[in-house]
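One structure is given here, and the rest of the page talks about it.
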Amino acid sequence: MAKLKYILSSFLLTVIYQLGNAQRFPAPEFESGHIPPKTQTIAPRGLGWEYLDVIVLFLALSIMTWFVLKKRSRKGIFWTSIFSIVYFGIIRVGCVCSVGSIGNVTLSLFQADYVIPVTVIAFFVLPLIFTLLFGRTFCAGVCFMGAVQDLVNIKPVSLPSWISKPLSAIPYIYLTLALLLAASGADFIICRYDPFIGFFRMNAPFGMLVFGAAILILGIFVGRPYCRFLCPYGVLLSWMSKISFWHTTITPTACIQCKLCDSSCPIDAIDKPVNMNTETDGKGRNRLISLIILLPLFIFLGGFLSSLLYKPLSTIHPTVKLAEEIKWETENNKKTESEESKTFHASGIQISQLFTDAGHVQTIFYAGTWLGGSLLGLFFGISLLRTSVVRRQTDYEPNRGNCVSCGKCYKYCPVQKQVAEVSPKTDGV
Amino acid sequence: MIDTSGIKKLSKYLAILSASIITIVSIFMIVNYVQLSIHNPITGSTIDNLVKKLDSSGNEQELREQIRVVDLLSRKAYFSSLWQLKAGAWILVGFGMLLIVSIKIYTQKESIESVLIKKQDSFWIVKSKERKMMITSVGTIAVLAIIISFFSNKYYDNFNTVNKKGSTILSLNTSENNQEASTALQGDTTVKKVDSVLVADFPTDAEIKQNHPSFRGPFGQGINFKTRLPISWDGVSGKNIMWKKPIALPGLNSPVVWGNNLFIAGANATTRKVFCYDRLTGKLKWAKDIKNIPGSPSVSPKVSNDAGYSASGLCTDGKRVYAIFTTGDIICLDNEGKQVWAKNLGVPSNHYGYSSSLQFYKDKLIIQYDDSKSCKLIALSTRTGIEVWKTKREGQISWSSPIIVPKGNSAEIIVNNLPYVACYNAETGKEKWKTSCLSGEIGPSPAYGNGMVFVANEYAKMVAIKSGKVVWENFEYLPDVSSPVAYKDFVFFTTSYGDMVCINQKDGAVLWHHEFDNGFYGSPVIADGKLYAIDRTGTTSIVEAGKEFKLKGQSSIGEKSDCTPAFANGMMYIRGYKNLYCIGKK
Amino acid sequence: MSTNKKEKSTLKQPEKQIKRRNFLKTGLQAAGFLSLASVAGYFGLKKPDFEHPAKNPYELGLDSIGKIAKEKFCDVSVSMLKIPFETSKALAVDKDDNIYVSGDKSILILTKEGNNITQFDTDITATALAISNINIIYAAFENHIATYTNSGELLKEWPSFKKESYITSLVINGSKIFIADAELEVVHEYDTDGTYHRSIGSKDKKQADSFILPSYFFDVALAPDNTLWAANTGKHKLVSFNSDGKLSTYWGETSAAVEDFCGCCNPSHFAIMHDGSFITAEKGIVRVKKYNSAGKFECAIAGPDHFETSSTGLEIAINSKNDILVLEPAVRKIHIFKI
Amino acid sequence: MSENKIDTTKPTQPGKPIKRRDFLKNGLRAAAFLSIASITGYSLTKSMSDDLVWQIDPNKCVQCGRCATTCVLNISAVKCMHIYKMCGYCDLCGGYFKPQVKNLDTAAENQLCPTKALKRSFVETPYYQYDVDEELCNGCGKCVKGCGAFGNGSLHLQINHNVCKNCNQCAISKVCPADAIIRIPSKKGYLLKTGFQAPKS
């Protein structure tokens, strides 16, 4: 790969190089004493911003957490999210965001020659740690994508779980794909297909604008469609949140079963009370057992099926794409007029060299698809299992995995009101 | 009460208003965009056509005018449409916000009590629905995956190195295809360009320099172009030893490396083998038994221990590897170890054992074939093994190896024997010049630098030759087994008595001399700007290749070695008597 | 964790609702699967189309420019001489058609078949060569001139010109020698014994007879009628001077068309045949062309395909048989064209 | 991954299971912390305090025109930069004029630049100065190609930090046929061609 990269160079410029850097036209001496101007370059963007971003991120997270867990104030959460839209979205135009940083971190893990800025690592890690401690307060509104969707979600409609459950498998697939592509150095799809960035840039490929708009319009009714059904970072966060040390609750103290919050959650992340002993005999247990037995099969199938796709997937990688083209040329004994092929032939690299490079890439994809696929299989198996498992639950509680601590349910809880009236200083945890 | 209702009305109207504006604007923008993408005035061909017309029809003034007008309009159109897009975007954002706010106000509920708690399926029904849904959707995805793979695999080739099935076929037919293709692609460019610029069946000089294709590295000149090389290791403690593999058969030939393949040969009186290792893992990829070659003697001619049955270095051009043995057997194998061609050049009568190493130039395999009867320089076609040219040389037997001196599109081959140093045209085998200056039993190969050839031998002298004319001579120190190497303004060599000498290329003056405890048989080589010299005990002395003697380090593999190391980036390969070592940075 | 006790009764919904929901449900399912199928179809059935790659809307049609139409070539027979030099600069022939080449700090003399006669070293590579009728070699070394016998011994070192002078071409006219100085942008006229006569080409760049030489390419040659011709490369023109050094005629047009000269400093070299027609060499678009004595384009002798793209400074010499010798340093060759 | 299996509700049954669950949970927390820490640690070993910016390696660029067409901005952030010290100030400028140009004036029919962003101004015989109007330049690279073909290659495409949004994944970098678009530490600033010495004087 590296070899390919450094040999590739423009034909015309190699021409100049062959001239041994001898200039065709020497610099003139002006009798009129005209002084040639300096080449104008704008000073490169200062580092200050990048580190400021990290600090702001940290502060925003802390404040958000405070509002969520201590103050339990939806207003506070709302305004913090507005702030992050303004700062991270409009002022800093959204790059780099924590969601996208997955790509950079993965690449830094897998590609030897890629150095990753510390700030990007910070962006990746801070939300994870916060979530592991306090739940998904990042999603509540520090993430400007979430915030935007929260903003537009005017008429929330609750989706029946038989729609939302299968859809929520997409982030896993997306994440796996993103990791694979980033690790192989092919692309950062998360960043490339970020639906909202276009709005903040006021500039985007047409397709992306349409996609973004569609998601926003959908978001008017369906709460946070991107967060729930696409966001790959959300997967990691939900894992963290599930085992977080602290997490927000609907009610400040004890639930009084008033059912008022029942449909208050725009993203259906409230677990309703369940009393056990409800399934008809045997069925459940047998299914459970059979599913547990089937789990390895799921894993294998997942791996196998996705490994079937490694070739088409690998063509996303430029090297393989080029190799495909050159192979086609060698088979049909003609030249495709594409820039790629022109550049390749001008570079004078051995075709065999290109093919071996492509081979290495495909090997990565082959292994990657197997691994990722089997993981997907595992997730599928587990989520099936969880549909056959019941946990007794007496109160209305946020589902720790899915709840984004947006605090919209607070105001529905009468207890909260009382507490608020009794003592404005409420204790959330 | 009334108040709020009033606000609500207002917000309602606002919402409707902004919504309608948004729709209109976005429609405009889409139209604009589509126009721009269908016909981009900047890239449009109208002007070009007009200009063509102008060129053909002399100088029509009105045509010029027309062009100017069109140009102006098109640029106007382009930039204004871009401006429209930008403005539209701002409008959309503004009214989008307004819409959201107003709708929010409009849909505000008086009180939470108005929330209705919708009836729900019981827990298990819900769950079973979810389950069904999941299974069906995942099922469909799986089916789709199968369909996709079924169709797509027709279109996509397999370059994968793991999937055995594809790889061998590929690596075979590419070599053929390339040439057809590249010639086919040529069009009317001249033949010269076919083999230099576009890929033919042999590597470019640049590629040769990226590898270690023959004894003493690229072109056999003893200079390597690798970096980040190890300076300290220890074969006993295993420090910086990436891997260590026992070698099945003895041999004094040095490893050669191309890509991830490392080749060595080994032989005894009866069996001869070529080995291919994965240079990264040390895994033995294959070992090819060299036998039943027509004309090959049943038992190899007697050899001395200092030469052995496999002293001649192999060489590889990345597609094929070539090996020659004391029996006069020469064989060409592909990277998978399959025999491409093989022949016997006639058993050499050589009282120590034939030990000249192979070299290649473009598609010619260069063999210095000296024995007590005659001296020949032979070039075989690397692909077929058919003789391209053969040059009989004056003089007597030698044990040295040829070096290649690339000269643009051609190259020179420089060869020692007794008493001549001679230069041949690599294309034709024609002798360019010849100088008589050596005596004794010629072991060391020539060195080349700054347009000068440097040769030396024990009981003779060290001579610098420029295009056939002797520039200077020096008798002070002389190499006997190992070969000199010319680098920058210096010539370095070592002796079997443990001397390491640096000589000034300009005048032949000894710049420095250092005496090590043990003698050298393996030739010193320049790599990463340093001189690597392995003495007979297997200790490598690393010396800065400069005008002062600076010892950079001394490391031992802990086993005897008379070979010359091979290099890849960050790695170094040493052949000991028993084991093959890969040295790197752990 | 799961248990298997009797299930509590669940609320029943009215028929309508169920129907509607089922309808909705199936609809949604169908939609979802369709979208998936379409995605799959796109990826699975999409065939990579290499036949028609995306064109570059901003393509600058360069390939067409170098090309010379077949019919514009004159029919020539080509042969080649290899020369040993890494870098060669100057080329000349004497009246017996021996070939003189300077390169690698030496001067090499070959027979017309290319056999080595002699080679002798010089301190620096000669930048220009001229051979007098009595086979004395006039060699220019950037800013001074030396004369040698054709066996290589030095006859005379001329006092050097201005230090920064750079001589790119010499031509001998009986007892006179014209020296093209690309740095001073003039042609010096000397006697062959070294006495200065005059400098041709005015310093004032406004004047028509001033030379504009952006780089060290400045060739002079002698027409059969002994008029001096020089290449005003900055203006893409060939100019001639009468015996008292005044500008008499010129020709040459600027464009990339094969009939004209383009790029920097062209024609970089030229020579005049015995019938007075011009042979010009260009760099950038590397080509050698023939013009008649009036400067009208006749035919192309060799186009870019014949030379290395990078080739510059194709020195030209004409021997007694009107063969055209073209030195191509980049490939260490002398091309010999017979018309 | 196996977090998924874990029961996350407030434990309500008495006795052992609670302990078990909490134990398991703490274990998982530890695991999570460890994995985060290790990933961070590893990437930190390959980190740098500086930030990365996108630049074009002018020696690789082949002027395929995709900078103009694929940048996420409507007018690409890639601009033509003029390295004046490399310029020959020619009258017949391969970057300014159409290849087949007859008369060397600023008339539209002779100019190469589709947006007329390259300006030509007379200095003295025979020299002209060429300047780029970055407002108009859309980085199509036509002039760069022309200059490279007939001139010194003093014009070359480069990404303007001021315009570039520095996307985490530059859209152009993925379609560049020559892999010329690379990340460099921001303090390096610009990858400008360095002028070579003129043979004269």
Side-chain angles (χ1 to χ4, degrees), chain A residues 5 8-10 12-13 16 21-28 30-32 34 36-37 39 41-42 44-45 47 50 93 95-96 100 104-105 108-109 115-119 121 125 128-129 132 187-188 191-192 201 203-205 239-240 242-243 339-340 343 375 378 382 391-394 397 400, chain D residues 1 3-9 12 25 28-29 32 36 40 42-44 46-53 59-62 64 72-74 81-85 88-90 123-124 127 148-149 151-153 160-162 165-169 174 177-179 186 189-190 192 196 198-200:
Chain A
K5 279 213 168 78
L8 273 172
S9 67
S10 133
L12 291 170
L13 280 154
I16 292 183
N21 281 11
Q23 212 159 345
R24 290 192 188 137
F25 302 75
F30 297 109
E31 270 102 24
S32 64
H34 167 82
T39 305
T41 58
I42 299 88
R45 59 190 73 226
L47 260 184
E50 316 301 332
V93 204
C95 259
V96 56
N104 305 58
V105 173
S108 77
L109 295 185
V115 280
I116 178 170
V118 179
T119 50
I121 301 177
V125 173
L128 285 177
I129 295 191
L132 184 54
D187 200 351
F188 289 173
C191 298
R192 187 190 291 285
R201 281 196 203 117
N203 252 325
W239 292 347
M240 295 298 139
K242 281 200 170 90
I243 54 168
E339 296 289 337
E340 282 82 358
T343 318
L375 283 180
L378 175 70
I382 288 167
R391 258 175 252 105
R392 175 199 281 137
Q393 179 175 328
T394 50
E397 281 164 353
R400 285 196 153 203
Chain D
M1 282 97 240
E3 285 96 327
N4 296 17
K5 275 228 214 62
I6 285 318
D7 166 24
T8 60
T9 49
T12 47
K25 203 167 198 168
L28 284 169
R29 287 167 174 165
I36 294 180
T40 319
Y42 184 77
S43 44
L44 274 174
K46 295 175 47 186
S47 69
M48 60 170 185
S49 60
D50 202 353
D51 187 36
L52 293 167
V53 293
N59 298 335
K60 288 185 185 172
C61 174
V62 293
C64 61
V72 292
L73 301 179
N74 277 336
M81 291 209 174
H82 191 189
I83 311 302
Y84 289 95
K85 63 183 170 196
Y89 290 80
C90 322
V123 179
E124 69 186 51
Y127 298 128
N152 293 346
N160 182 329
H161 288 326
N162 230 23
K165 301 291 181 196
N166 205 23
C167 311
N168 196 25
Q169 174 64 76
K174 277 302 149 200
D179 286 314
S186 61
Y190 284 83
L192 293 184
F196 15 58
K200 271 197 170 189

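Just so it is clear, the structure is predicted and the values come from calculations on it, not from any experiment.
Contacts of A/Leu132 with chain D are made by side-chain atoms alone, with heavy-atom separations under 4.5 Å and no backbone atom involved. For a residue to count as touching a neighbouring chain, one of its non-hydrogen atoms must lie under 4.5 Å from one of that chain's; by this rule A/Val105 touches chain D with the side chain only. Proximity to chain A is limited to the side chain of D/Tyr127, based on heavy atoms less than 4.5 angstrom apart. Proximity to chain A is limited to the side chain of D/Ile36, based on heavy atoms less than 4.5 angstrom apart. Heavy atoms closer than 4.5 Å to chain A are found in the side chain of D/Cys90, but not in its backbone.
Across every non-hydrogen atom of D/Tyr89 and A/Pro36, the tightest pair is OH-CB, 3.1 Å. Considering every non-hydrogen atom in both A/Cys95 and D/Cys167, the closest pair reads SG-CA, 3.9 Å. Here the shortest heavy-atom pairing between D/Ser43 and A/Ile116 reads O-CG2, 3.6 Å. The two residues A/Arg192 and D/Gln169 make their nearest non-hydrogen contact at NH2-CG, 4.2 Å. When all heavy atoms are compared, the tightest approach of A/Ser108 to D/Tyr42 is O-CE2, 3.9 Å.
Looking at A/Glu50, its side chain never comes within 3.5 Å of a backbone N or O of D/Asp51 through a donor-acceptor pair. Within the 3.5 Å criterion, the main-chain N or O of A/Ile243 finds a donor-acceptor partner in the side chain of D/Arg29.
Distance OG1/D/Thr40 to CD1/A/Ile129: 6.5 Å, rounded to 0.5 Å. Distance check, rounded to the nearest 0.5 Å: SG of D/Cys64 to CD of A/Glu340 gives 7.5 Å. Taking CD1 of A/Ile121 as the reference point, atom OG of D/Ser47 lies at 4.5 Å (rounded to 0.5 Å).
A/Asn203 is listed as a side-chain neighbour of D/Asn74, based on a closest heavy-atom distance under 4.5 Å.
Between chain D and the residues A/Asp187, A/Val93, A/Asn104, the most heavy-atom pairs under 4.5 angstrom are made by A/Asp187. No other option in D/Lys174, D/His82, D/Met81 has as many heavy-atom pairs under 4.5 Å with chain A as D/Lys174.
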